[in-house]
Amino acid sequence: MDAKEVAARRAVADVQEGMILGLGTGSTATHAIRLLGERIQQEGLRIRGVPTSQRSKAQAEQLGIPLVSFAQVTSIDMTIDGADEINPALHLIKGGGGALVQEKIVACATRELVIICDANKIKPQLGAFPLPIAIIAFGWQATLRHLEAFSYPVHIRTHTDGSPYRTDDGLYIVDMACGTIPDPVAFEQKLKSLVGVAEVGLFTNLAQRVIVGYEDGTTQIQERS
Ligand code: 5RP
């Protein structure tokens with residue numbers, strides 16, 4: 001069994017009639033969106049989704065999942081999303097798929113952020129995965145210099161043809177190879193205070209529940225205390 005799908009299935013089983021749901025982005029979240037579509041088809045489950053990227057929006061539309069925006073809702077009951085790394089305090093690195101800005105806006109408007117993953121994402125410390133930082137395109141060279149001052153290797157994310165990757169919001173992404181991040185809460189605040197930085201892929205104190213899926217079909221659930 002696909003461990004990511006196992007985690008997604010467990011999370012989607014908790015979705016209840018009438019919920020407003022944040023729809024995450026990435027290969028794990030894709031399973032959750034597909035399984036939500038199945039529940040809508042098979043059980044007539046009525047939910048409405050807030051997508052975190054154009055990709056998730058397109059998938060949800062294709063599956064007939066009704067969508068709403070922040071013009072229609074003020075809070076989200078539950079968001080199901082993936083992550084690149086998760087530490088024992090349930091702080092996260094997200095943004096490997098480039099959707100960190102919309103993912104964080106949705107996460108911050110959500111009563112329960114449920115992270116689904118396989119066991120490879122669980123780490124004793126954050127930082128082995130390069131930290132995605134979304135920056136405003138104007139003056140990106142100046143912002144990059146501010147980020148270089150932290151003395152970690154940084155590079156602008158590009159497509160295979162060398163052109164800069166742009167988020168759905170037209171931002172650039174800098175990937176910062178930190179190695180380890182001993183204090184994710186303080187580091188998130190430090191990076192966010194820099195001019196030109198739009199959002200940081202550190203999601204601290206946001207996840208309430210992490211569901212780890214395993215190939216044998218079992219799950220392990222971690223809750224934030
Ligand atoms: C996208 C994300 C993803 O949730 C994260 O990159 C994990 O992706 P995957 O489920 O494909 O491993 O933050 O911006």
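We count ligands from 1, going down the list as the structure has it; atoms in each ligand are counted the same way. Along the sequence shown, residues are numbered consecutively beginning with 1.
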At a 4.0 Å threshold, what atoms of ligand 1 neighbour a non-hydrogen atom of [X]?
X: G98; value: 14 (O)
X: G82; value: 4 (O)
X: T25; value: 1 (C), 2 (C), 3 (C), 4 (O)
X: K121; value: 7 (C), 9 (P), 12 (O)

Best match, D81, D84, T52: closest heavy atom to atom 6 (O) of ligand 1: D84
Show every salt bridge (charged side-chain N to carboxylate O under 4.0 Å, His left out) that has at least one partner inside residues 72-89, sequence neighbours left out. D77-R111, D81-K94
Heavy-atom pairs closer than 4.0 Å: do any link ligand 1 to the side chain of C117, the backbone, both, or neither? neither
pair I80-V15: side-chain heavy atoms closer than 4.5 Å: yes
Restricting to ring-ring contact (aromatic ring centres under 6.0 Å, His included), what partner residues turn up for F187, sequence neighbours left out? F150
Quick check: are there more than 12 heavy atoms from other residues, nucleotides or ligands sitting under 6.0 Å from CD of E61? yes
Determine, step by step, whether S69 and Q72 satisfy the side-chain hydrogen bond (donor to acceptor under 3.5 Å, both in side chains) criterion, reporting the C-alpha distance in whole Å, the side-chain angles of both residues, the deciding distance to 0.1 Å, and the verdict. CA-CA 6 Å; S69 74; Q72 287 119 348; 3.2 Å; yes
Among protein heavy atoms, which sits nearest to [atom], and what does the distance come to when rounded to 0.1 Å?
atom: atom 10 (O) of ligand 1; result: T28 OG1, 2.5 Å
atom: atom 1 (C) of ligand 1; result: E103 OE2, 3.1 Å
atom: atom 13 (O) of ligand 1; result: G95 N, 2.8 Å
atom: atom 9 (P) of ligand 1; result: S27 OG, 3.3 Å

So, does G24 sit close enough to ligand 1 that a heavy atom of it is under 4.0 Å from the ligand? no
